[in-house]
Structure formats: C-alpha cells, structure tokens
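Taking it in order: structure first as structure tokens, then the write-up.
Just so it is clear, the values below take in all heavy atoms, side chains as well, and ignore hydrogens, waters and symmetry mates.
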Amino acid sequence: MGQPNSRTAAIREKAKRGDGSAEALLADLLRDLFGVDARDLAINHDQYSLNSLNGFFEADGKPYFFKFHQEENEEEMSGEYYRADILAKAGLPVDQPLMMSTLPGEQILVYRRRTDPRFSDALRTLDGLHDKQMARQAVDAERRLNETVLSVYLRTLHPVTPDAVMKEPVHRLFRDRLVTAPKGTYPGGRLESFYVGKTFEFPGVTLSWDSLSKARFVINGIEYRETLGQLFDAAHERLNPVRLADSGGVTAHGDAHNANVWFERREGRASLSFFDPAFAGEHIPTLLAEVKTTFHNILAHPYWLYDPALAEQKFKATANYQNGRLFADFDWKLTPVRKALLETKAEAMWKPLLAALKQRDMLPQDWRKVVRLGLFLCPTLVMNLRAGATSHNPTSSLIGLSVAMMVGSEPDEGEDLMTRFLATIDPEG
C-alpha cells in the first residue's frame with residue numbers, strides 16, 4: 001500500500017506481522033520528526049483502525065497517544081491531511097495534537113494520553129449488554145454533539161466553487177477509492193483491487209464479480225432497483241468533486257466515526273469530543289459532511305463490519321441466486337442504542353441541515369441520490385467485504401453487501417430502514 005517512500009505505509013504493513021519491526025520503524029519516525037525518544041511503544045490492534053494505526057508511547061516520562069491515517073497513493077492526491085486547527089477555530093470540541101507532521105508519507109498526530117474510552121468502545125459495550133442509563137447518557141451526548149456541529153454547519157454554510165471542493169481531502173474517503181491515481185482510471189483503486197474479477201462466497205452460493213455486479217438484490221423479501229455495478233458507476237459520476245459544489249460547503253471533520261470521538265462521563269453526564277481530523281476542511285460538500293458518521297456509527301453495527309467473526313456466530317444468513325437475482329435472507333438488525341442514535345441523527349442533524357439548504361436554495365433535486373451513494377461507498381470501500389480476502393466470512397460478506405445495497409438503492413416497492421430515514425429528514429415531508 002502507498003508509495004515506496006511512505007514511511008507510514010511501511011509501518012502499517014509491518015504492524016500486521018506483530019514481530020516488533022513496526023515499533024522500531026515508528027520509533028525512528030517519531031525521533032526524526034519530533035526529536036523524541038519514544039519508549040514502551042505499543043501499537044493497538046483494534047477492529048476500528050481499518051485505514052489507520054494508533055497506539056501509545058512514553059517520552060520524557062510523559063504518556064502519549066499517537067494516530068495516523070494512510071491512504072494508497074496519498075502522495076499523488078491533492079489536498080493536505082491534518083489541518084487540525086480548522087475545527088477548533090470553528091468552535092467544535094476537538095483535541096488539539098501536541099505534535100503534528102503533515103509531510104507526505106509521514107503524516108502523524110501525537111496527543112496527550114487520555115483514560116477516557118472512545119465512543120466506539122462505549123457503544124460496542126451497549127450493543128452486547130444494553131444498560132439503559134448508559135445508553136441514555138450516550139444518546140444525550142450524541143444529541144448535544146449534533147446540535148453543536150449543526151450550529152457550525154449553519155454558520156459556515158456558503159457557496160463553493162468546484163475548484164475549492166476538489167481540493168478537499170474528504171474525497172479520499174469516497175470517489176478517490178474508485179479510481180487509480182494519478183490518471184483517475186475507472187474502475188480502479190480499491191474497487192478494482194477488492195472486487196473486480198474476484199469470486200464471492202456467500203452462505204449457499206458462490207458468484208463471480210460479473211454475476212454479482214449485475215444481480216438484482218432481494219433482501220429479506222424486498223427487491224432493490226439498482227445493481228452493485230450500477231451504484232459504483234453512479235457514485236463515480238455523481239460524487240465527482242466537480243459536481244458536488246451544488247450543495248454548498250461547510251467546515252467539517254469529515255470522518256467523525258466514533259473511533260475518532262472521545263466519550264467522557266462526569267457526574268452522571270457524558271460528553272463527546274473529536275480527534276484525528278485527517279480529512280477536516282472548510283469547503284466540504286454539505287451533503288457529504290455527515291455521511292461517514294451516519295454510516296459507520298450506526299448502520300455498520302452491530303458486529304458485521306468490525307467484528308465479522310462475531311457476526312457469523314450471532315446471525316443466521318442464507319443466499320440463493322436465481323435468474324439474475326440474489327436472494328439474501330438474514331436476521332441482522334440494529335440494536336436499541338443504534339436505533340436511538342439513528343433517530344437522533346435524523347432529528348438533530350439531517351432534518352434541520354436539509355431544511356437550511358432548501359431555504360437557501362442550495363438543496364439539489366437529487367439530494368437523496370447523493371446521500372445514498374455516499375453511504376453506499378462507506379462499507380464497500382473502507383475495507384474488502386469479500387469473504388476470505390481479509391477478515392470477512394460468507395455471512396458478514398452477505399450482510400455487508402446487502403446493507404450497502406439497502407442504503408444505496410431504492411427498493412422497487414415497499415419501505416425499509418433507509419426509506420423511512422430519508423422520509424423523516426425530507427424537508428418537504
């Protein structure tokens with residue numbers, strides 16, 4: 001992954017071995033960048049670090065937490081990682097790094113070490129054991145964070161040019177993963193390396209990419225209008241940065257999934273704060289600003305994206321392929337806390353944000369499509385969902401691709417979780 005001169009790419013690759021070689025390289029990097037002698041360096045191997053690495057070290061007797069995000073071909077992409085001051089200046093609750101490097105291939109942030117859990121870990125606990133008091137605190141904290149973020153969006157919402165939008169690093173999470181840099185070849189990037197030409201194993205059936213990409217999904221009895229191939233093509237076209245200026249731009253974190261959010265509990269009340277603003281920007285397309293947090297904090301749970309082995313134990317799933325249709329049946333569903341978070345995200349964020357866009361004549365006619373395509377790319381390109389490729393198995397692969405279809409495509413008829421969500425946030429509803 002990455003270019004040969006990307007030291008962070010080399011560290012991520014060696015970390016998979018667990019033989020200490022990554023720690024040695026990381027210690028050298030910290031010494032070269034910041035002049036610190038890192039001791040007791042430990043790399044975390046957690047399920048949320050899909051495209052990043054984090055961990056702890058001590059220097060001069062003080063404890064630190066480090067994190068870096070690394071993308072393929074990052075040296076050839078436009079924009080800059082880690083404009084950490086943007087969010088603080090906008091009034092968002094964000095941890096400021098004590099040390100920071102934005103050099104290509106050597107981009108890393110170092111923070112003071114905290115004892116608070118990440119919000120992702122707190123919610124993971126609630127998925128398995130629903131504590132009503134803790135869940136209430138978590139949802140209340142989420143609502144307050146959304147209200148704060150929304151106020152920043154409304155204050156910073158402004159017309160943007162295609163050129164300004166194109167320079168934002170947030171596109172590395174979406175369209176840049178569909179193409180191969182530097183020419184932008186499509187299909188390319190992760191789409192090509194993860195799926196094109198591959199074989200897919202599901203519980204009960206094995207399909208080629210050619211068959212799967214053209215299949216109509218029938219998920220728990222509901223047939224969906226578009227195919228995987230059509231959704232990827234549509235995302236490549238509509239999420240092109242030059243076409244995303246039509247909804248204006250805002251100052252946003254851009255990647256505020258809950259593994260980038262601290263969860264603080266003090267005296268019966270919880271609060272949330274951001275860190276790792278790798279994709280922060282001042283001209284982020286408004287319709288993309290909340291996509292990552294909506295998907296990864298809610299629809300990716302419980303278990304199927306981050307804990308596929310557990311999903312295989314918890315859920316029953318079967319697949320059948322007939323006459324160009326993939327029938328997927330499974331018992332995965334959102335847990336009570338995730339349902340509450342989805343309702344909060346709809347009411348405290350999406351509904352008033354879309355209403356403001358409509359009021360300012362900045363809401364595209366096809367806003368539902370833009371939101372759906374952004375949500376669709378979240379699971380499909382954040383990691384390889386093909387069984388056997390990395391950590392996924394036939395059960396989690398079927399659930400994952402089905403959830404991606406559910407968020408990306410309208411059903412032929414009837415309603416599902418996503419159509420109800422979109423109806424709730426529709427400013428004309």
Mind checking the [atom1]-[atom2] spacing from [X] to [Y]? Nearest 0.5 Å is all I need.
{"X": "Arg243", "Y": "Arg238", "atom1": "CZ", "atom2": "CZ", "result": "5.0 Å"}
{"X": "Leu178", "Y": "Phe174", "atom1": "CG", "atom2": "CZ", "result": "11.0 Å"}
{"X": "His301", "Y": "Asp307", "atom1": "NE2", "atom2": "CG", "result": "9.0 Å"}
{"X": "Asn44", "Y": "Leu53", "atom1": "CG", "atom2": "CG", "result": "8.5 Å"}
{"X": "Glu226", "Y": "Arg372", "atom1": "CD", "atom2": "CZ", "result": "8.5 Å"}
{"X": "Tyr321", "Y": "Ser211", "atom1": "OH", "atom2": "OG", "result": "4.5 Å"}

**Candidate pair Ile86 and Glu282, rule side chain to side chain contact (heavy atoms under 4.5 Å, CB included), full reasoning** = CA-CA 7 Å; Ile86 288 176; Glu282 294 172 297; 3.8 Å; yes
Is there a side-chain contact between [X] and [Y] in this structure, where contact means two heavy atoms from C-beta onward sitting under 4.5 Å apart?
{"X": "Gln313", "Y": "Thr395", "value": "no"}
{"X": "Leu92", "Y": "His253", "value": "no"}
{"X": "Asn54", "Y": "Arg118", "value": "yes"}
{"X": "Leu173", "Y": "Asp255", "value": "yes"}
{"X": "Leu109", "Y": "Phe65", "value": "no"}
{"X": "Leu288", "Y": "Val291", "value": "yes"}
{"X": "Met405", "Y": "Pro411", "value": "no"}
{"X": "Ser402", "Y": "Phe217", "value": "yes"}

Short N-O contact, [X] and [Y], less than 4.0 angstrom:
{"X": "Asp140", "Y": "Arg144", "answer": "no"}
{"X": "Arg7", "Y": "Glu106", "answer": "yes"}
{"X": "Asp426", "Y": "Arg368", "answer": "yes"}
{"X": "Arg114", "Y": "Glu264", "answer": "yes"}
{"X": "Asp85", "Y": "Lys89", "answer": "yes"}

For [Y] together with [X], are the ring centres under 6.0 Å from each other?
{"X": "Phe57", "Y": "Tyr64", "value": "yes"}
{"X": "Phe295", "Y": "Phe376", "value": "no"}
{"X": "Tyr186", "Y": "Phe232", "value": "no"}
{"X": "His171", "Y": "Phe279", "value": "no"}
{"X": "Phe275", "Y": "Trp262", "value": "yes"}
{"X": "Phe315", "Y": "Phe330", "value": "no"}

**Message:** Would Asp329 and Lys316 count as a salt bridge (charged side-chain N to carboxylate O under 4.0 Å, His left out) here? Give the steps.
**Reply:** CA-CA 8 Å; Asp329 294 280; Lys316 297 177 182 177; over 6 Å; no
Residues [X] and [Y]: side-chain donor-acceptor under 3.5 angstrom:
{"X": "Arg386", "Y": "His392", "value": "no"}
{"X": "Asn260", "Y": "His257", "value": "yes"}
{"X": "Glu312", "Y": "Tyr303", "value": "no"}
{"X": "Thr294", "Y": "Trp350", "value": "yes"}
{"X": "Asn384", "Y": "Thr390", "value": "no"}
{"X": "Tyr48", "Y": "His296", "value": "no"}
{"X": "Arg269", "Y": "Gln137", "value": "no"}

For the backbone of [Y] and the side chain of [X], can you confirm whether one donor and one acceptor N or O come within less than 3.5 Å of each other?
{"X": "Thr125", "Y": "Asp121", "result": "yes"}
{"X": "Arg190", "Y": "Leu381", "result": "yes"}
{"X": "Arg325", "Y": "Glu223", "result": "no"}
{"X": "Thr8", "Y": "Gln107", "result": "no"}
{"X": "Thr161", "Y": "Ala164", "result": "yes"}

**Prompt:** Which heavy-atom pair separates Pro162 from Ala245 by the least distance, and what is that distance?
**Reply:** N-CB, 3.9 Å
**Message:** Evaluate Asp416 against Tyr224 for side chain to side chain donor-acceptor pair (under 3.5 Å), listing each step before the verdict.
**Reply:** CA-CA 11 Å; Asp416 63 7; Tyr224 287 82; 2.6 Å; yes
**Prompt:** With a distance cut-off below 6.0 Å to the six-membered ring centre and an angular limit of 45° from the axis, does Arg113 pair with Phe56 as a cation-pi contact?
**Reply:**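 Flagged: Arg113 positioned over aromatic ring of Phe56.
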**Message:** I'd like to know whether NZ of Lys198 has more than 12 heavy-atom contacts from other residues, nucleotides or ligands below 6.0 angstrom.
**Reply:** yes
**Request:** Assess whether atom CG of Asp331 is packed by more than 12 heavy atoms of other residues, nucleotides or ligands within 6.0 Å.
**Result:**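 Yes.
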